[in-house]
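Here is the structure we will look at, set down as structure tokens.
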Amino acid sequence: MIQKSEAIVLRRMNYGETSQIITLFTRKKGKVAVLAKGSRMIKSRFGANLEPLSYIQAVYYHKPTRDLQTLSETTRLLPLPCLLRHPEKIGLAFQMVELVDAISEVEAVNIPVFNLLLEALATLNDATQHLQNILFYFELKIAILFGFSPHIKKQEVEAIANDGGWFLLESGAILPAVAPIQGTAKRAGRAALRALATLTLSPLETLLHFSLEPSTQNEVRQLIDAYLAHHFEELRRSRTRHVLAQMNP
């Protein structure tokens, strides 16, 4: 059966001498692996449409009994040129597609996640400041869409004193340092906990103007990592972040 769907390229790997296996995140079928025959040839009909992070329309032959489908043609839907020209944007974008790839089951349709990924990549392409906030927003919204919404209450956040407080990994609640704690929790400073609340509750356009000190940003990074790892067992250390750390020791 011929399938036609919007898709975002998550990753690719070489296959044989001239072909590639492409992992697509499609709107209609979820995550799908396709064989792009001849895609490594100079005059390939796919051109540059199979670069990771590309937003395309894909036509492929689908057989329910196969894990690997056959790609027929592609059309670029929305160029995102700035993603591939800006080192920081590349790193952030690859962390987004890594996360989607890790938590998505094969052919499990998830249109809200597809829309979120497309929104985040398009916003990142156009953004000029506070780029890390886009990744934070994306990760927290992923948790919400999978049913792990942080239970953040304004009064509890406002009660955080200078000595910081707790972030509960099971519920996502933020509590003052003096509060009794049950379950796994991470201690964090006041600025990081308040920033986490803002990142969770604010729309994306607001976060493009939300400035974080480097130390606060690093602490927020640790809190979100711990929260995602607690709820998604399949997550491993980000390959992209590991590579970037090796490049920038």
Side-chain angles (χ1 to χ4, degrees), residues 1-16 18-40 44-80 83 92-125 134-135 137-149 227-240:
M1 178 184 298
I2 296 178
Q3 295 285 342
K4 184 177 182 180
S5 178
E6 297 169 60
I8 296 168
V9 179
L10 300 181
R11 56 186 168 92
R12 63 182 180 176
M13 62 178 290
N14 291 340
Y15 182 83
T18 62
S19 302
Q20 293 174 309
I21 294 175
I22 311 297
T23 301
L24 301 175
F25 189 58
T26 71
R27 181 182 291 278
K28 293 183 178 179
K29 283 283 188 179
K31 188 167 71 171
V32 178
V34 297
L35 176 62
K37 295 180 179 179
S39 59
R40 294 165 60 197
S44 167
R45 65 185 183 277
F46 301 115
N49 291 345
L50 301 182
E51 293 283 346
L53 312 178
S54 297
Y55 173 45
I56 62 175
Q57 184 154 263
V59 179
Y60 61 95
Y61 297 98
H62 179 269
K63 289 188 177 181
T65 56
R66 292 185 179 177
D67 294 329
L68 183 63
Q69 313 303 333
T70 302
L71 188 64
S72 174
E73 60 182 89
T74 59
T75 304
R76 185 70 64 104
L77 293 179
L78 178 66
L80 300 171
L83 288 184
L92 295 171
F94 269 98
Q95 288 178 69
M96 292 178 193
V97 297
E98 266 187 18
L99 177 57
V100 170
D101 191 13
I103 65 178
S104 298
E105 299 291 336
V106 174
E107 294 194 8
V109 180
N110 197 324
I111 294 175
V113 171
F114 182 92
N115 291 339
L116 173 64
L117 178 58
L118 181 58
E119 175 197 27
L121 292 176
T123 302
L124 183 60
N125 180 76
I134 302 172
L135 176 61
Y137 169 89
F138 175 80
E139 292 171 327
L140 290 165
K141 289 298 181 288
I142 284 287
I144 292 170
L145 289 174
F146 276 81
F148 308 124
S149 179
Y227 190 64
L228 294 177
H230 185 83
H231 290 283
F232 294 104
E233 294 182 357
E234 55 273 82
L235 285 186
R236 299 291 185 270
R237 183 182 180 188
S238 167
R239 295 188 301 274
T240 298

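Nothing fancy with the numbering, it's 1 onward along the sequence. What you see below is based on every heavy atom in this structure, not just the backbone, and it leaves out hydrogens, waters and symmetry mates.
Put simply, the side chain of Thr23 never gets that close to the backbone of Leu10: no donor and acceptor are under 3.5 Å apart. With Arg76 contributing its side chain and Ala48 its backbone, the two residues share a donor-acceptor pair below 3.5 Å. Side-chain N or O atoms of Ser5 include one that pairs as donor or acceptor with a backbone N or O of Lys28 at under 3.5 Å. A donor-acceptor pair under 3.5 Å is absent between the side-chain atoms of Ser54 and the main chain of Leu50, judged by distance alone. Using a distance-only test at 3.5 Å, with no hydrogens or angles considered, no donor-acceptor pair links the side chain of Ser19 to the main chain of Gly16.
Using a 4.5 Å cut-off on side-chain heavy atoms (C-beta onward), Tyr55 and Asn49 make no contact. Under the 4.5 Å side-chain criterion, counting only non-hydrogen atoms from C-beta, Tyr60 is in contact with Lys29. Between Thr74 and Gln57 there is no side-chain heavy-atom pair separated by less than 4.5 Å. At a threshold of 4.5 Å between non-hydrogen side-chain atoms, the residues Val32 and Phe25 do not count as touching. Counting only heavy atoms from C-beta outward, the side chains of Asn115 and Ile111 approach each other to under 4.5 Å. You'll find the side chain of Val97 reaches within 4.5 Å of the side chain of Leu53, heavy atoms only. Looking at Ile142 and Ile103, their side chains come closer than 4.5 Å, going by heavy atoms from C-beta outward. Contact check for Ile2 versus Val59: side-chain heavy atoms found under the 4.5 Å cut-off.
Taking every heavy atom of both residues into account, Arg27 and Val109 meet most closely at O-CG1, 3.6 Å. Annotation for Leu135 and Gln95: closest pair CD2-OE1, 3.5 Å, computed over non-hydrogen atoms. Nearest heavy-atom pair across Phe146 and Val113 is CE1-CG2, 3.8 Å.
The line from CE of Met96 to CD1 of Ile134 is 6.0 Å long, rounded to the nearest 0.5 Å. For the atom pair CG (Leu99) and CG (Leu228), the distance works out to 6.5 Å, reported to the nearest 0.5 Å. Rounding to the nearest 0.5 angstrom, the gap separating the CD1 atom in Ile8 from the OG1 atom in Thr26 is 10.0 Å. Atom CG of Leu83 is separated from atom CZ of Phe94 by 9.5 Å, given to the nearest 0.5 angstrom.
When the salt bridge (charged side-chain N to carboxylate O under 4.0 Å, His left out) test is applied to Arg40, no partner is found at least two apart in sequence or on another chain. Applying the ring pair (Phe, Tyr, Trp, His ring centres under 6.0 Å) rule to Tyr227 yields the partners Phe167, His231; only residues at least two apart in sequence or on another chain are considered. Take Lys31 and apply the side chain to side chain donor-acceptor pair (under 3.5 Å) test, not counting sequence neighbours, and it matches Asp101. Residues forming a side chain to side chain donor-acceptor pair (under 3.5 Å) with Glu107 (at least two apart in sequence, or on another chain): His62. By the ring pair (Phe, Tyr, Trp, His ring centres under 6.0 Å) test, Tyr61 pairs with no residue at all, sequence neighbours left out.
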- Item | Intermediate values then yes/no, side chain to side chain contact (heavy atoms under 4.5 Å, CB included), Lys37 and Phe46 | CA-CA 9 Å; Lys37 295 180 179 179; Phe46 301 115; 5.8 Å; no
- Item | Stepwise side chain to side chain contact (heavy atoms under 4.5 Å, CB included) check, Glu51 with Val9 | CA-CA 7 Å; Glu51 293 283 346; Val9 179; over 6 Å; no
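Crowding of Tyr15 atom OH: a count of heavy atoms from other residues, nucleotides or ligands under 6.0 Å not exceeding 12.
A salt bridge does not link Arg11 to Glu98: none of the charged nitrogens lies less than 4.0 Å from a carboxylate oxygen.
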Under 3.5 Å donor-acceptor pairs involving side-chain atoms of residues 65-73, not counting sequence neighbours:
unit_1: Gln69; atom_1: OE1; unit_2: Lys63; atom_2: N; d: 2.8
unit_1: Gln69; atom_1: NE2; unit_2: Lys63; atom_2: O; d: 3.3
unit_1: Gln69; atom_1: NE2; unit_2: Arg66; atom_2: O; d: 2.8

